[in-house]
2 protein chains.
Amino acid sequence: MPGRSRIPKPTAQRMSLYLRELEQRAAEGRRTVSSRQLGTAAGTTDAQVRKDLGSVAHVGRPGVGYDIASLTEAIRSLIGVVQPWRAAIVGAGNIGRALAAYRRFHDHGFEIAAIFDQQPGVVGARISGLQVRGMRDLKDVVAREGIRIGIIAVPPEAAQDVAQALVAAGVRGILNFAPRRLSVPDGVPTVDVDFRSALERLAFEVSDLEAEDA
Amino acid sequence: MPGRSRIPKPTAQRMSLYLRELEQRAAEGRRTVSSRQLGTAAGTTDAQVRKDLGSVAHVGRPGVGYDIASLTEAIRSLIGVVQPWRAAIVGAGNIGRALAAYRRFHDHGFEIAAIFDQQPGVVGARISGLQVRGMRDLKDVVAREGIRIGIIAVPPEAAQDVAQALVAAGVRGILNFAPRRLSVPDGVPTVDVDFRSALERLAFEVSDLEAEDA
DNA sequence: GTTTGTGAACCGTTTCACAGCA
DNA sequence: TGCTGTGAAACGGTTCACAAAC
């Protein structure tokens with residue numbers, strides 16, 4: 001029964017946005033937020049926020065709002081970000097390097113534990129404090145380092161092979177930056193990040209808007 | 001009446017995936033595809049594909065499928081990707097550089113026409129054949145180069161200011177890589193690409209799956 | 001007065017099922 | 001037989017509206 005999730009996917013997605021806002025407000029020293037404030041920050045309505053939070057934890061107090069600390073905790077545990085997820089990047093090209101350099105992940109429940117590449121010339125180099133390893137070490141390193149997430153940052157032609165190697169090595173989920181649909185076993189969720197699709201979405205919205213004006 | 005679009009957003013999003021598949025099949029020398037084939041490639045059902053394509057153009061032939069060439073053309077014009085969209089990157093950090101290097105955009109209706117940065121040390125440098133310009137040139141360059149899309153690749157703290165500058169300079173849409181919700185006028189669509197949200201989505205799906213097994 | 005929690009109504013998308021064409 | 005196009009039904013998420021709590 002795959003996909004029989006406790007909470008709707010759109011809700012889960014918005015949770016990330018709430019989390020972002022909660023952390024920012026916590027940093028500003030505040031203690032509570034209202035559903036309206038969260039909604040504005042996340043681009044939704046207050047009603048939507050209350051519905052979403054209803055499936056999480058009942059920490060809201062009428063007339064006051066939500067306690068930031070406990071709500072943050074509740075969302076973190078709901079979306080499974082309590083102790084850091086260890087991830088490996090495959091592909092030490094531009095995107096791989098940019099991701100490796102993005103140290104901020106670490107503060108938010110994710111940790112880049114290794115980076116791999118196929119090219120002999122690249123293996124052994126140091127990127128953001130990590131030594132690039134060859135693909136043949138994949139299985140070993142994934143096991144030894146407790147890596148659960150694989151990040152694919154290779155050219156589209158190689159993506160499917162890398163996906164298979166990652167699954168064989170034992171990762172539990174894949175973040176895919178290659179513009180290709182991966183075929184992986186049901187038990188391994190995949191999330192695609194596709195720049196081109198994002199640009200196309202934007203282009204569509206812009207031209208849609210321009211068409212309206214006519 | 002904003003958002004009164006001719007076609008549903010989910011449909012528009014899937015169009016990108018269809019396009020990807022169509023181009024690949026065209027490159028393989030094929031002439032037609034069935035709704036089932038497109039559906040498999042895009043992770044949907046054949047019925048969904050037919051519904052989606054119904055709002056585009058009637059080029060499907062029962063018993064045969066869709067003509068790849070004319071369907072590609074129809075989708076391109078529907079989502080507004082006929083002649084190249086010119087875009088500018090703001091932020092010559094890791095992500096900005098990775099995007100600038102991603103030459104493949106060019107083949108698919110998008111063109112990086114300029115890259116900007118604030119830091120004096122970076123301005124003037126060459127990145128992937130583009131000379132980095134200072135922010136003060138933004139308005140001029142956007143106008144002169146016919147830039148319609150702004151890509152934000154700066155730290156979150158700076159994102160809102162950059163967004164405002166881009167809007168003031170006249171861009172029609174913004175692709176935002178900073179993990180911050182931008183507030184921009186209604187007439188300027190924004191699409192967010194947030195690595196952290198993507199990772200959290202993945203983490204959620206993995207832990208959801210693991211919870212099921214219990 | 002403010003803000004939550006929630007059943008009920010609403011709305012848009014997805015799925016179904018089948019007639020019609022090649 | 002293979003596949004499209006499309007009404008109609010089913011589904012799931014969003015919005016509404018209001019009683020209850022502070």
Side-chain angles (χ1 to χ4, degrees), chain A residues 1-18 21-22 25 30-72 74-75 78 201 204-205 208, chain B residues 1-18 21-22 25 30-71 74-75 78 201 204 208:
Chain A
M1 205 183 284
R4 191 133 306 289
S5 171
R6 285 154 300 167
I7 68 174
K9 259 191 198 170
T11 297
Q13 232 151 290
R14 281 190 297 269
M15 291 294 177
S16 295
L17 303 180
Y18 301 154
E21 183 65 12
L22 286 168
R25 285 181 181 259
R30 312 198 196 194
R31 309 215 131 239
T32 62
V33 235
S34 71
S35 54
R36 173 184 294 264
Q37 291 170 322
L38 274 180
T40 303
T44 343
T45 65
D46 53 332
Q48 183 68 74
V49 173
R50 291 199 296 279
K51 260 278 145 70
D52 287 346
L53 298 185
S55 39
V56 183
H58 299 187
V59 296
R61 298 198 342 181
V64 179
Y66 298 86
D67 179 70
I68 289 181
S70 47
L71 183 54
T72 303
I75 293 181
L78 177 87
R201 192 152 83 246
F204 169 70
E205 290 186 26
D208 203 53
Chain B
M1 203 183 286
R4 190 132 305 290
S5 170
R6 287 153 299 165
I7 68 174
K9 261 193 197 170
T11 297
Q13 233 150 289
R14 281 190 297 269
M15 291 293 177
S16 294
L17 304 179
Y18 301 153
E21 182 67 12
L22 286 168
R25 285 181 181 259
R30 311 196 198 196
R31 310 216 131 238
T32 62
V33 237
S34 70
S35 54
R36 171 182 296 263
Q37 293 170 321
L38 275 180
T40 303
T44 343
T45 65
D46 54 331
Q48 182 69 75
V49 172
R50 291 199 297 278
K51 260 278 145 70
D52 287 346
L53 297 186
S55 37
V56 183
H58 299 188
V59 295
R61 298 200 340 183
V64 179
Y66 298 86
D67 179 70
I68 289 181
S70 47
L71 183 54
I75 292 181
L78 178 88
R201 192 151 84 245
F204 169 71
D208 204 53

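Convention: sequence-line order gives letters A, B, ...; per-chain numbering from 1.
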Residue whose closest nucleotide on DNA chain D lies nearer the 5' end, B:Asp46 versus A:Asp52: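 The answer here is B:Asp46.
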Does [N] have OP1 or OP2 sitting under 4.0 Å from an N or O in the side chain of [X]?
X	N	answer
A:Gln48	D:dT15	yes
B:Thr45	C:dT15	yes
A:Ser35	C:dT4	yes
A:Tyr66	C:dG5	yes

Measure [atom1]/[X] against [atom2]/[N] and give the value in whole Å, please.
X	N	atom1	atom2	answer
A:Gln37	C:dT4	CD	P	9 Å
A:Arg61	D:dA20	CZ	C1'	15 Å
B:Arg36	D:dG2	CZ	C1'	10 Å
B:Lys51	C:dG12	NZ	P	15 Å
B:Leu71	D:dG5	CG	P	10 Å
A:Met15	D:dG13	CE	C1'	14 Å
A:Leu38	C:dT3	CG	P	12 Å
B:Lys9	D:dG13	NZ	P	18 Å

Roughly how far, to the nearest 0.5 Å, is [atom2] of [Y] from [atom1] of [X]?
X	Y	atom1	atom2	answer
B:Ser70	B:Arg31	OG	CZ	10.5 Å
B:Leu17	B:Thr44	CG	OG1	7.5 Å
A:Leu71	A:Arg25	CG	CZ	12.0 Å
B:Leu78	B:Ser55	CG	OG	7.0 Å

Using a heavy-atom cut-off of 4.0 Å across all strands, would you classify [X] as base, sugar-phosphate, or nothing?
X	value
B:Gly54	nothing
B:Gly65	sugar-phosphate
B:Arg50	base

What nucleotide among D:dT14, C:dT13, C:dT3 has an atom nearest to a side-chain atom of A:Pro62?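 Among D:dT14, C:dT13, C:dT3, the one nearest the side chain of A:Pro62 is C:dT3.
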So which nucleotide from C:dA22, C:dT14, D:dG13 ends up closest to the side chain of B:Arg14?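 Side chain of B:Arg14 sits closest to C:dT14.
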State, without any angle test, whether A:Thr32 and A:Asp67 hold a side-chain donor-acceptor pair at a distance under 3.5 Å.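 Result is no, nothing qualifies.
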